[in-house]
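Here is the naming used below: chain letters follow the sequence lines, and residue numbers restart at 1 for every chain. These values consider heavy atoms only, across backbone and side chains, with no hydrogens, waters or symmetry-generated copies.
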Number of protein chains: 2
Amino acid sequence: MSLIKIVLTEDHKIVRSGIRSLLENEVDIEIVGEACNGNELLELFESGTINPNEVLLITDINMPGINGIDMIPGLLEAYPKLKTVVLSMLSHEKYVLKAFQSGANGYMLKNVSSEELLFGIRHIFNNGQRYLCTELSIELLDRQLGRSYATTDDLPVVDLSKREKEILSLIAEGYTNQEIADKIFTSKRTVEGHRQNLIDKTQSRNSAALIRYAVLRGMVS
Amino acid sequence: MSLIKIVLTEDHKIVRSGIRSLLENEVDIEIVGEACNGNELLELFESGTINPNEVLLITDINMPGINGIDMIPGLLEAYPKLKTVVLSMLSHEKYVLKAFQSGANGYMLKNVSSEELLFGIRHIFNNGQRYLCTELSIELLDRQLGRSYATTDDLPVVDLSKREKEILSLIAEGYTNQEIADKIFTSKRTVEGHRQNLIDKTQSRNSAALIRYAVLRGMVS
DNA sequence: TACGAAACCCGTATTAATACCTGATTATTA
DNA sequence: TAATAATCAGGTATTAATACGGGTTTCGTA
């Protein structure tokens, strides 16, 4: 197990110090540089103080100037062996996806435990694999579980007539009863009746809940 | 950090011994029992040798008799505080999903590193959270990355405020504006405003279309 | 400090949806 | 053949949602 050299980019001094002191306790980790934004980081790299091809960069997203994710592609172009971990309080999926699309090797929320931070760092540096913190992993998993309700048989699955499915799709697309009636050449009242049946069958409270039920079960897409 | 008591269920003796010797090196972990299938495990529990409400069960899937995942719901019914980790060589998503749906607290592939096995065990036992091994997490993530390439092209991406997400979820559950207002202690008119913003932002025609949009993007589940 | 974004609030008017009810026709199937 | 389900259609009433318009306060940040 080789020595892990780390560079920190984070605009809040206190956060930086906290992470530094946490990592410094580990015998296999050394902090070789700190920067409070992307420009300072570039100076560190370009001045030759640090060899970017053998370090792990831990970076925040929100910082003055360029943000932590957006600077990754440029860094990787210049220093292909640089490894990067995004450490952020932003849990929205779009940041996670964008980080990995930009070439990050890891993404962790700022509320990870110190054990997990260390585990993730070592996982990335020693095994060369990517890492996503458990909180976000479980969030992803839960979303997948939600999606797969369609295929599980523990929840009551209703079966709909052809007409009902047709109308369900149109409701999901946002058409009103009158518009649907015009489309399928029947009366508004008939469509209203079908809509009510759909709501009753799925035990939903209204159309919004009906559509949630339907999409989660793959009845419409 | 309390002592982690572990019961192992695994039909291959050599694998069991390997895991045992690995875990026994840790000061905070104790192996209190072993079984080579579900029946033996039940005997251990029912004989009173082990208190199932304070242990972590690590189980394989494929075993003679009942499989490791299928026995979890019954175990949890009898011993609600039992924590379970599925340790299997099966990486197919359907096993992972089924394990968590059955109430497992963790799922790890048999090729995890010892560090990860320990990390996962401690994460589950000490923090009470679920754990999915990194290899599978990254696999999930990649699938999500693939999906987002496919879906973000044809449909507009919006980002919502915290409040909007909160209200969006409640709409998806079928609550009316008045009910939502009561729940989040604000006025019905405010909720109406938020609902309208959600519809506008997502370029939906009404609440039904809004919910379809939201569910398809995993904004609600 | 000036700005935008978010959250909050309100009025008015119209349209749509929901919740009950009724009954007829057709097709399937037990 | 009798029963059942699906489809269609209508009546009536109430409630909810939508679409405009107007506004304030607060907070983070440029």
Test: [X] and [Y] ion pair at under 4.0 Å:
X       : Y       : answer
E30(A)  : K5(A)   : no
R205(A) : E173(B) : no
K110(A) : D60(A)  : yes
R195(B) : E192(B) : no

Between [N] ([atom2]) and [X] ([atom1]): distance, integer Å:
X       : N       : atom1 : atom2 : result
L210(A) : dT18(C) : CG    : C1'   : 13 Å
N197(A) : dC8(D)  : CG    : P     : 11 Å
K162(A) : dA6(D)  : NZ    : C1'   : 12 Å
E166(B) : dA6(C)  : CD    : P     : 15 Å
I184(A) : dA9(D)  : CD1   : C1'   : 13 Å
E164(B) : dA5(C)  : CD    : C1'   : 10 Å

Checklist entry - If you check every side-chain atom of H194(B), which of dT7(D), dA9(D), dC8(C) has the closest atom? => result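 The listed nucleotide nearest to H194(B)'s side chain is dC8(C).
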
Can you give me the N/O atom pairs linking the protein to nucleotides 28-30 of chain D at distances under 3.5 Å, or say none if there are none?
none

Next on the checklist: Around atom CD of E135(B), are there more than 12 heavy atoms from other residues, nucleotides or ligands closer than 6.0 Å?
Outcome noted: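 Atom CD in E135(B) is not packed in, count stays at 12 or less.
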
Could you go over nucleotides 13-18 of chain D and give all protein N or O partners under 3.5 Å, atom names and distances?
residue : atom : partner : partner atom : Å
dA17(D) : OP1  : R195(B) : NH2          : 3.1
dA17(D) : OP2  : N177(B) : N            : 3.1
dA17(D) : OP2  : N177(B) : ND2          : 3.1
dT18(D) : OP1  : S207(B) : N            : 2.8
dT18(D) : OP1  : S207(B) : OG           : 3.2
dT18(D) : OP2  : S207(B) : OG           : 3.0

